Amino acid sequence: MMSVPSSAPSRPPAADATPRCAVCGTGSRQAPFRPEPPEQAPDLDLRPGEPVRSTMARWLQQCPGCGYAAPNITRAHPAAAQAVAAAPFRALMAETGYPPLARRFLAWAHVLEETGALHAAAEASLQAAWVADDLGKPELARLWRLDAVALWRSGPPLDAEQTVRVIDALRRAEAWEDAAATAEALGRSHPPEAVAQVVALEARLVAARDAGRHTVASALPPPARRPHVAHQRIAGRSESPRGESLLARLRRWLGHR
Ligand SMILES: [Zn+2]
């Protein structure tokens, strides 16, 4: 699942063709989106840094006819049309208490959940929470982070990197006990060094009841101490054979999505 979608078509459309919704067939003009790579460090939940951070309004297309939302609405899972026509999706579209951009991410999350892509649905729910963060809607952000956690946990087993994001979502939703227990369990599983650094930071933030936004740069040692860390890393080569920094790992994770 790509959270920062490329909308490059697989083949160029005919010059006079208006892109059509794969669910209902409504034609609409949708601006293509090709993001610049992030330059700033991501948040602990891997929300990208700027300049990508501010482009969420362009990550998904949404059909003006039926409300179907996706990175590319000219494509849809065979079961998407049924999900879009059903009462829960129509109710979501009519929910005027939700910010329209958040509703777009929730629409995509709903289709993903209904078609069995639970981890991707979690990602889209988390993105709705980011929209709520930006609009100063903490109660909605909390609700959608907890939805994301429930979806992550109802899907296939999570790897260490994904579990870090669960911990961060729980912390930012002020689910302190769950966050602390999940961080402790992950710490006991001997995760990779970069993950262990982030988990240690999460545990400190949870203990301090800090529900705020922090970037992965906070989990790195200050530059003046890097030579010392490099020395430790050489000494501990067997545990960290590639000597890969946390940021390098996170950049790689981001590149995968
Ligand atoms: Zn449509």
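Just so you know, these numbers come straight off a predicted model, no measurement behind them. In each ligand, atom 1 is the first atom listed, and ligand 1 is the first ligand listed. Position 1 is the first residue of the sequence; numbering continues from there.
- Applying the side chain to side chain contact (heavy atoms under 4.5 Å, CB included) rule to Arg213 yields the partners Asp43, Arg53, Arg172, Thr215; only residues at least two apart in sequence or on another chain are considered.
- Around the Zn ion (ligand 1), the protein contributes the following N, O or S atoms under 2.8 Å, ordered by chain and number: Cys21 SG, Cys24 SG, Cys63 SG, Cys66 SG.
- With respect to the salt-bridge test (charged N to carboxylate O, under 4.0 angstrom), the residues Arg145 and Asp133 qualify.
- The existence of a salt bridge linking Arg165 and Glu161 is excluded, since no basic side-chain nitrogen approaches an acidic carboxylate oxygen closer than 4.0 Å.
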Tell me, with the steps shown, if Leu170 and Val166 meet side chain to side chain contact (heavy atoms under 4.5 Å, CB included).
CA-CA 6 Å; Leu170 289 167; Val166 168; 3.9 Å; yes
Please tabulate, one pair per line, all N/O donor-acceptor pairs under 3.5 Å involving side-chain atoms of residues 134-142, not counting sequence neighbours.
from	atom 1	to	atom 2	distance (Å)
Asp134	OD1	Arg47	NH1	3.0
Asp134	OD2	Arg47	NH2	2.7
Arg142	NE	Ala173	O	2.7

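- For Arg29, the side-chain hydrogen bond (donor to acceptor under 3.5 Å, both in side chains) test picks out no residue, with sequence neighbours left out.
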